[in-house]
Novice: 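The structure is given below, and queries will be raised subsequently.
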There are 2 protein chains.
Amino acid sequence: MRSYGEYCAVAKSLDVVGNRWTLLIVRELLLRGPARYTDLRDGLPGIATNLLAERLRELEEEGLVARVQAPPPVATTLFRLTPRGEELRPVIERLVLWGMPLMAQQLPNDAVRSHWIGFALESMLSDHDPDGPPLMIELRTGDQPVTLETHDGAVRARFGSADHPDAVLAGPPKPIAGFLIGWIELADAEAAGVRHEGDPKAFDRVRALPEAAPPATA
Amino acid sequence: MRSYGEYCAVAKSLDVVGNRWTLLIVRELLLRGPARYTDLRDGLPGIATNLLAERLRELEEEGLVARVQAPPPVATTLFRLTPRGEELRPVIERLVLWGMPLMAQQLPNDAVRSHWIGFALESMLSDHDPDGPPLMIELRTGDQPVTLETHDGAVRARFGSADHPDAVLAGPPKPIAGFLIGWIELADAEAAGVRHEGDPKAFDRVRALPEAAPPATA
DNA sequence: CAGCATCCGCTTTGATACTG
DNA sequence: CAGTATCAAAGCGGATGCTG
């Protein structure tokens, strides 16, 4: 991309990460940790494969991404964020907070990946009982299960299901997210096709307090 | 811009503000408050005028910017951020923090505007003596003077000079910013062409503590 | 199969000129 | 002052082909 040519911290940031797809690649690497090219492509539906390669090369030149060789059993190349790349996490978190109201409209062609939802919930939720026992909530939506876990008062998401989850939510992504964010109640989520298992009180421990819901669009 | 088509808060944010120039327009409106088309163009050197018009239209449609008629004496149209647009401030602040190390390299063709520097310093500095008397530091660099003022423990920047500033820094932008950020000492800044007036202790009240400086490039 | 590179048509951008 | 109009150049999306 062309430089903005401004002696300004915002402009210089965007010179590096303002390219199309670039911040979404960083998002994937923040979520997944070191990842293979193919996994990145799966997490970025719609990207042209040559663009992904080009962006990764740019990010490597800028010192945000490093290429590492995975140990023998797999023996493939992995892409991972450098510390400088990791420092973009607060930027992306703020973008998540700002963009959350936009999740009220799920367009017909929107791709769904469960780890995107889990990641957004990390930024939105917190553990109201930080000293309580560990809590695990499994979400089943999109492509594969994702599990929310409490950790030091915060909520972390990880790929995969839980062995003995305290509770499970399964169904379409919008009402699942909407319920945990506090836009709608459990009964509304059920009416929208969400099923749940386990103790509903588990949800209250991490759930955001119900507040002004964004317009119930689409 | 074409939508990413992902049901993800980051992607949906970027669908709205990920366009080229869009976040820089928001930056200008955050800095200036309600602004005229011409002032925006001056704060965005290099933007094509048709693009500025198009972006403003898009931002208006998205509900981030509103067009208002200025009162009779001037009677021109002003562009201002809506509350939803204002909510992008934390995003931009994080981008400032992340991008600040990049200010170590000032490219030969980089345009300079003093309010960009003032804005960046807002995010970087704080008042170490919040209960002390109001403090004003005038910066003379780039196109026009900008004044830093303490306010509730924070540092605010505003256009224009101060009537009776506690101190003044004049000269090239990089050493001025570098000194206040704590990358270099006052003596180094002077060696780089910075002149100062008033009590140097005024700087210590807001100056960031010297720490690891980024590579002294360009 | 993972990790690209090449080609091509379409869209977006940049630069400049012009207008109410 | 506040834009619109025009057009060349750059960037992107989609398809396909190549290589270890």
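Fair warning: this is a prediction, and the values are worked out from it, not measured in the lab. Values below: all heavy atoms of this structure, side chains included; hydrogens, waters and symmetry mates excluded. Reminder, nothing fancy here: chain letters follow the sequence lines and each chain counts from 1.
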Novice: Taking only the side-chain heavy atoms of B/L51 (C-beta and beyond), determine which of C/dT13, C/dA15, D/dC1 contains the nearest atom.
Specialist: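 Of all the options, the side chain of B/L51 is nearest to C/dT13.
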
Novice: Just how far, in rounded Å, is C1' of C/dC4 from CD1 of A/I25?
Specialist: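 Taking CD1 of A/I25 and C1' of C/dC4, I get 14 Å after rounding.
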
Novice: Go through the N and O atoms of the side chain of A/N50 and the base of D/dG11, and report whether any donor-acceptor pair is under 3.5 Å.
Specialist: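 Counting by modelled atom types and ignoring angles, no donor-acceptor contact under 3.5 Å is found here.
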
Novice: Pick the nucleotide of DNA chain D nearest each of A/A48 and A/R2; which residue has the one closer to the 5' end?
Specialist: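 Its nearest nucleotide lies further toward 5', so the answer is A/R2.
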
Novice: Over how many whole Å does the gap from B/R41 atom CZ to D/dC1 atom P extend?
Specialist: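 Checked: the CZ to P distance equals 8 Å.
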
Novice: Between A/W21 and D/dG13, is there a contact of a side-chain N or O with OP1 or OP2 at under 4.0 Å?
Specialist: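 Checking A/W21 against D/dG13: at least one side-chain N or O falls below 4.0 Å of OP1 or OP2.
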
Novice: When rounded to the nearest 0.5 angstrom, what is the spacing between CZ in A/F159 and OG in A/S114?
Specialist: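 The distance works out to 7.0 Å.
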
Novice: Would you give the length of the straight line joining atom CG of A/D188 to atom CD of A/E190, rounded to the nearest 0.5 angstrom?
Specialist: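 Going from the CG atom of A/D188 to the CD atom of A/E190 covers 9.5 Å.
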
Novice: Could you check which of D/dG13, C/dC4, D/dT4 has an atom nearest any side-chain atom of B/R57?
Specialist: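 For B/R57, the side-chain atoms sit closest to D/dT4.
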
Novice: Looking at the side chain of B/T49, which of C/dA15, D/dG13, D/dG3 is the nearest nucleotide?
Specialist: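 Side chain of B/T49 sits closest to D/dG3.
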
Novice: Working to the nearest 0.5 Å, report the span between OG of B/S13 and CD1 of A/I92.
Specialist: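 Here the interatomic distance stands at 10.0 Å.
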
Novice: How many Å lie between CG on B/L24 and P on C/dG14, as a whole number?
Specialist: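 To the nearest whole Å, that distance equals 11 Å.
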
Novice: Rounded to whole angstrom units, what separation is found between the CG atom of B/L40 and the P atom of D/dC1?
Specialist: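 One finds 13 Å between P of D/dC1 and CG of B/L40, rounded.
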
Novice: Ignoring backbone atoms, test whether A/R55 places a side-chain nitrogen or oxygen under 4.0 Å from the OP1 or OP2 oxygen of D/dG11.
Specialist: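 False: A/R55 side-chain N/O out of range (4.0 Å or more) of D/dG11 OP1/OP2.
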
Novice: Any non-hydrogen side-chain atom of B/L148 less than 4.5 Å from a side-chain atom of B/R156?
Specialist: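 Side-chain contact under 4.5 Å: no.
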
Novice: Is there side-chain contact between A/D110 and B/K12, with heavy atoms separated by less than 4.5 Å?
Specialist: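 Result yes, sub-4.5 Å side-chain heavy-atom pair found.
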
Novice: Take atom CG of A/L44 and atom P of D/dG13, then tell me their distance rounded to the nearest Å.
Specialist: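 Going from A/L44 (CG) to D/dG13 (P), I get 12 Å.
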
Novice: Which whole-number value in Å describes the distance from A/L78 CG to C/dA2 C1'?
Specialist: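 Interatomic distance, CG of A/L78 to C1' of C/dA2: 12 Å.
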
Novice: Considering only side-chain heavy atoms of A/Y37, which listed nucleotide, C/dT13, C/dC4, D/dG3, is closest?
Specialist: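 Among C/dT13, C/dC4, D/dG3, the one nearest the side chain of A/Y37 is C/dC4.
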
Novice: Side chain of A/R20 only, please: which of C/dC4, C/dT13, D/dG13 is the nearest?
Specialist: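 For the A/R20 side chain, the nearest candidate turns out to be D/dG13.
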
Novice: Distance check needed: D/dG14 C1' versus A/E54 CD, whole Å only.
Specialist: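 Going from CD in A/E54 over to C1' in D/dG14 covers 15 Å.
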
Novice: Which of the following nucleotides, C/dA2, D/dG3, C/dG14, is nearest to the side chain of A/T76?
Specialist: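 So the nucleotide nearest the side chain must be C/dA2.
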
Novice: Given atom CG of A/L56 and atom P of C/dA2, what is their separation to the nearest angstrom?
Specialist: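 After rounding, the reported distance stands at 15 Å.
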
Novice: How would you label the contact of A/N19 with the nucleic acid (heavy atoms, under 4.0 Å): base, sugar-phosphate, or nothing?
Specialist: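 Sugar-phosphate only.
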
Novice: Would you indicate which nucleotide in D/dC1, C/dA5, C/dG3 comes nearest to any side-chain atom of B/R36?
Specialist: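 From the listed options, D/dC1 comes nearest.
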
